[in-house]
Amino acid sequence: MTTTAPSLAAQATIPTRSPLSIILSVLAIAFLAAFAIIQIAPFILTVANSFKCDAAVENRPMAFIPRLETISCRDAEGRFILPDQQVDGLFFSPSLDGYRGILVNQLPRWAFNTLFLSVVVTVLRVIFNSMAGYALARLRFPGKRVIFFVVLGVLMIPGVVLLIPRFLLLKELGLLNTYHGYIITLASDAFGILLMKQFFESIPGEIEEAAMVDGASRVVIFWRIVLPMATPALTALTIFSFQGNWNNFMDALIILGGNTELYNLPLGLTVLRGSGQDVQYDLVLAGSVVTTLPMALIFFFFQRYFVEGISYTGLKG
Amino acid sequence: MANSAALDLSSADKPKRSWPKFLQGETLVGWSFLTPSVIILFVFLILPLLMAFYFSFTNWSGTRPLDQPDAYQFVGFDNYQRWIIDGRRTDDFYRAVRNTLYYVLGVVPVQTVIALVLAVIVNQRWLRYKGFFRTAFYFPSITSSIVVSFIFLFLFSAGGPINTLLQVLNPSYQPIAWTGNNDGLIHLLLGGLGITRDTAGEWAQARILGLRAWDWIAGPSVALSTIMALAVWTTTGTLMVIYLSALQGIPSSVYEAAEVDGATGWAQFRYITLPLLKPTTFFVITLGLIGTFQVFDQIYVLQNDTTARTTTSVAYLVYTTAFRGTSPNLAEASAIAVVLFVIIFIATLLQRRFVGGDQAEY
């Protein structure tokens, strides 16, 4: 037995590990675990504190284990309760006052706006980007190269540079503070066009040629044959576009900033904060949870597509 | 063009007789497929860019209606002169430049290195629960920059988790106002060594581009550093996923061959992994540069009146110049935006030169 042990180890696919490499592995795992805690703990604390009264958030932030009974942030006489009445060590009695507070605010309206704008912009982008991407990838017509370089160049324009002139332009066009102003501005984007173009170029052209021989027109081929094959790219594009618009702050600030009725959630959160130094943490944290929850659910259900989508963009390098 | 090509083809082969008509159809279809996107890109991206250039040479403050004949005059380079050359706003501009440079130079290397290290570890054969780590690292980047900024505002608040944690670890720790502290990190470090603005010598008082030399080297303020930490925290996961997918694309036979040749783990990383990841690194740094140079949302949430001078980025300066303060001025804001455009452009070219993006497609 003892004599065969070394030869077995040598045959194993995993090479024998020196003490140094074991120490390195332990360090590596410790680094991973520490980083994972740093990435996740703030979210746990945010969710926990969104169920606390303002005073407790500011003075007893570490309690994260909820007790079963809920309490109100004001006592029978209408005075705010003290942090210690809500928190004991790492335990706290959840209160729904923060969530009631954001419901009284315009948050439901902002949530609707966010969903509506994200869905409409995403649908339009999927249609326009894939049409343009297909034209650039497959069709032959004069002017194509020029447009391709224009799209590439547009990719280089930093969004911040467009902040003011877009404001001016939409104001002149009478589109400032309207849903359609936001929608039209964002209905197509260079990144999406290039993503779709690249995908269409990666699928073999024989099927389309065969369909053409059968007399199908380019439009029919595009809708009936090419688009169904492009599901992976379309999924990635949908996720990017939806996420980007759900979280979009700067465009919403510039285009919709003048009318609180039209705000999306990120823009609305900055209103919930309250003015001046005194941040209303209970409202802000409850609003943050509500803003994040839909994206978190989408992420957990469609995680694979997020990762695949990221690798598409990585390929583009 | 199209006609002559069509003639050649129609005379060549019999089955391609329908070619001329088809080619015309293709032009029609091509352009109609492109039209919606082309209109949107021209009207809402290219036209605004040209407008930014145009108005940067005028004195239009934004209040007078544009249809009035005397709404604005051309003033040449006056706006650039006032903000960038030697006018009365240069200190504001260069302070924003300093803040942005510290932000970029602090965030981009740190997030790139951490992302690479994490990806290499997660890619190890012996590691289990890869999916969990990938999810945990990526999660912060799914939510809005505004939400993340509020989470950090809460984490770093006076009685917030960071101060509480530090107090638990070190009972003598006095809670500090992270998001309200203007002291630069290098300034604090030198102060700890007994060197201050007044004892450092003549040079510290010298004015360079609107700022004292000491202010240039003071480092990012504590307040700006929390925003930098936020950026690293949010972006690292995405960059890790990009690195990870590139790592998974490297065939294991490459490493097996190296092992036969006796290459150690470090040698493999240094001479195989890193060179093969060069295009990915180029992409990750480009993403980082473009993102950090434009930092805006986080500043909007985390800045307050006290920390304005050490946290205002160039992008945020564009916004405040256009819409806030006592005398908003759209023309001057456009000039700053144009300069930022040029800065980002040069930065991308420089890094193409040094990191070497020649393998990259675009």
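Side chains are part of it too, since the values below use all heavy atoms of this structure and drop only hydrogens, waters and symmetry mates. Per chain, numbering begins at 1; letters A, B, ... match sequence-line order.
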message = Quick one, B:Gln294 and A:Val161 - any side-chain contact, counting heavy atoms below 4.5 Å?
response = no
key: Part of A:Ile254 lying under 4.5 Å from any heavy atom of chain B   = side chain
task = Would you check if the side chain of A:Arg140 reaches a backbone N or O of B:Glu26 as a donor-acceptor pair within less than 3.5 Å?
result = no
key: Pairwise side-chain contact, B:Phe33 with A:Phe222, heavy-atom cut-off 4.5 Å (strictly under)   = yes
Interatomic distance, B:Phe44 atom CZ to A:Leu170 atom CG [nearest 0.5 angstrom] = 5.5 Å
inquiry  = Are B:Tyr138 and A:Phe299, when compared by the centres of their aromatic rings, separated by less than 6.0 Å?
reply    = yes
ask   = Can you list the steps and then say if A:Leu253 with B:Phe296 is a side-chain contact (heavy atoms from CB on, under 4.5 Å)?
value = CA-CA 11 Å; A:Leu253 174 70; B:Phe296 177 86; 3.9 Å; yes
ask   = Donor-acceptor pair, A:Thr292 side chain versus B:Thr143 backbone, under 3.5 Å?
value = no
Under 4.5 Å from any heavy atom of chain B - which part of A:Leu285 = side chain
message = Do A:Ile164 and B:Tyr319 make a side-chain contact, defined as non-hydrogen atoms from C-beta onward lying under 4.5 Å apart?
response = no
request  = Give a yes or no on whether the backbone of B:Leu45 and the side-chain of A:Arg166 come within a donor-acceptor separation of less than 3.5 Å.
outcome  = no
task = Could you walk me through whether A:Met62 and B:Val168 pass side-chain contact (heavy atoms from CB on, under 4.5 Å), step by step?
result = CA-CA 11 Å; A:Met62 299 308 255; B:Val168 170; over 6 Å; no
query = Which residue, B:Leu340, B:Val314, B:Ile336, B:Val295, forms the side-chain contact (heavy atoms from CB on, under 4.5 Å) with A:Val160?
reply = B:Leu340
task = Look at the side chain of A:Gln39 and the backbone N and O of B:Phe139, then say whether any donor-acceptor pair between them is shorter than 3.5 Å.
result = no
key: Steps toward side-chain contact (heavy atoms from CB on, under 4.5 Å) verdict (B:Tyr300, A:Phe249)   = CA-CA 10 Å; B:Tyr300 185 97; A:Phe249 174 71; 3.5 Å; yes
task = Verify whether the ring centers belonging to A:Tyr281 and B:Phe150 lie closer than 6.0 Å.
result = no
Part of A:Arg138 within contact of chain B (heavy atom distance under 4.5 Å) = backbone
Where A:Ala135 and B:Leu34 come nearest, the two heavy atoms and their spacing = CB-CG, 3.9 Å
query = Is the backbone of A:Phe141 close enough, under 3.5 Å, to the side chain of B:Trp31 for a donor and an acceptor to pair up by distance?
reply = no
ask   = Contact part of A:Val289 toward chain B, heavy-atom cut-off under 4.5 Å: side chain, backbone, both or neither?
value = neither
task = Flag the pair A:Gln243 / B:Ile142 as yes when at least one side-chain heavy-atom distance between them is below 4.5 Å, and no otherwise.
result = yes
List, one per line, each side-chain donor-acceptor pair under 3.5 Å for residues 151-164 of chain B, sequence neighbours excluded.
{"residue": "B:Ser157", "atom": "OG", "partner": "B:Phe154", "partner atom": "O", "Å": "2.8"}
{"residue": "B:Ser157", "atom": "OG", "partner": "B:Gly160", "partner atom": "N", "Å": "3.4"}
{"residue": "B:Asn163", "atom": "OD1", "partner": "B:Tyr173", "partner atom": "OH", "Å": "2.6"}
{"residue": "B:Asn163", "atom": "OD1", "partner": "B:Trp178", "partner atom": "NE1", "Å": "2.9"}
{"residue": "B:Asn163", "atom": "ND2", "partner": "B:Ala158", "partner atom": "O", "Å": "2.8"}
{"residue": "B:Asn163", "atom": "ND2", "partner": "B:Ile176", "partner atom": "O", "Å": "3.0"}
{"residue": "B:Thr164", "atom": "OG1", "partner": "B:Gly159", "partner atom": "O", "Å": "3.4"}
{"residue": "B:Thr164", "atom": "OG1", "partner": "B:Gly160", "partner atom": "O", "Å": "2.7"}

request  = Quick one: closest heavy-atom pair of A:Met131 and B:Pro36, and the distance?
outcome  = CE-CG, 4.2 Å
message = Please evaluate residues A:Leu168 and B:Trp60 with respect to the criterion side-chain contact (heavy atoms from CB on, under 4.5 Å), reporting the C-alpha separation (whole Å), side-chain torsions for both, the decisive distance (0.1 Å), and the verdict.
response = CA-CA 12 Å; A:Leu168 288 180; B:Trp60 188 52; 3.1 Å; yes
query = Is there side-chain contact between B:Leu127 and A:Leu32, with at least one heavy-atom pair below 4.5 Å?
reply = yes
remark   = When the 4.5 angstrom heavy-atom criterion is applied to A:Ile40 and chain B, the contacting part is side chain
note = Okay, A:Ile127 and chain B: the region with an atom under 4.5 Å from a heavy atom over there is neither
request  = With a 4.5 angstrom heavy-atom cut-off, could you sort out which part of A:Val284 is near chain B: side chain, backbone, both or neither?
outcome  = side chain
task = Would you give the length of the straight line joining atom CZ of A:Arg218 to atom CG of B:Leu28, rounded to the nearest 0.5 angstrom?
result = 13.5 Å
4.5 Å side-chain heavy-atom contact, B:Leu118 and A:Phe31 = yes
inquiry  = Which atoms of A:Ala296 are under 4.5 Å from chain B, going by heavy atoms: the side chain, the backbone, both sets, or neither?
reply    = both
inquiry  = Less than 4.5 Å apart, side chain to side chain, heavy atoms only: is that true for B:Ile40 and A:Asp189?
reply    = no
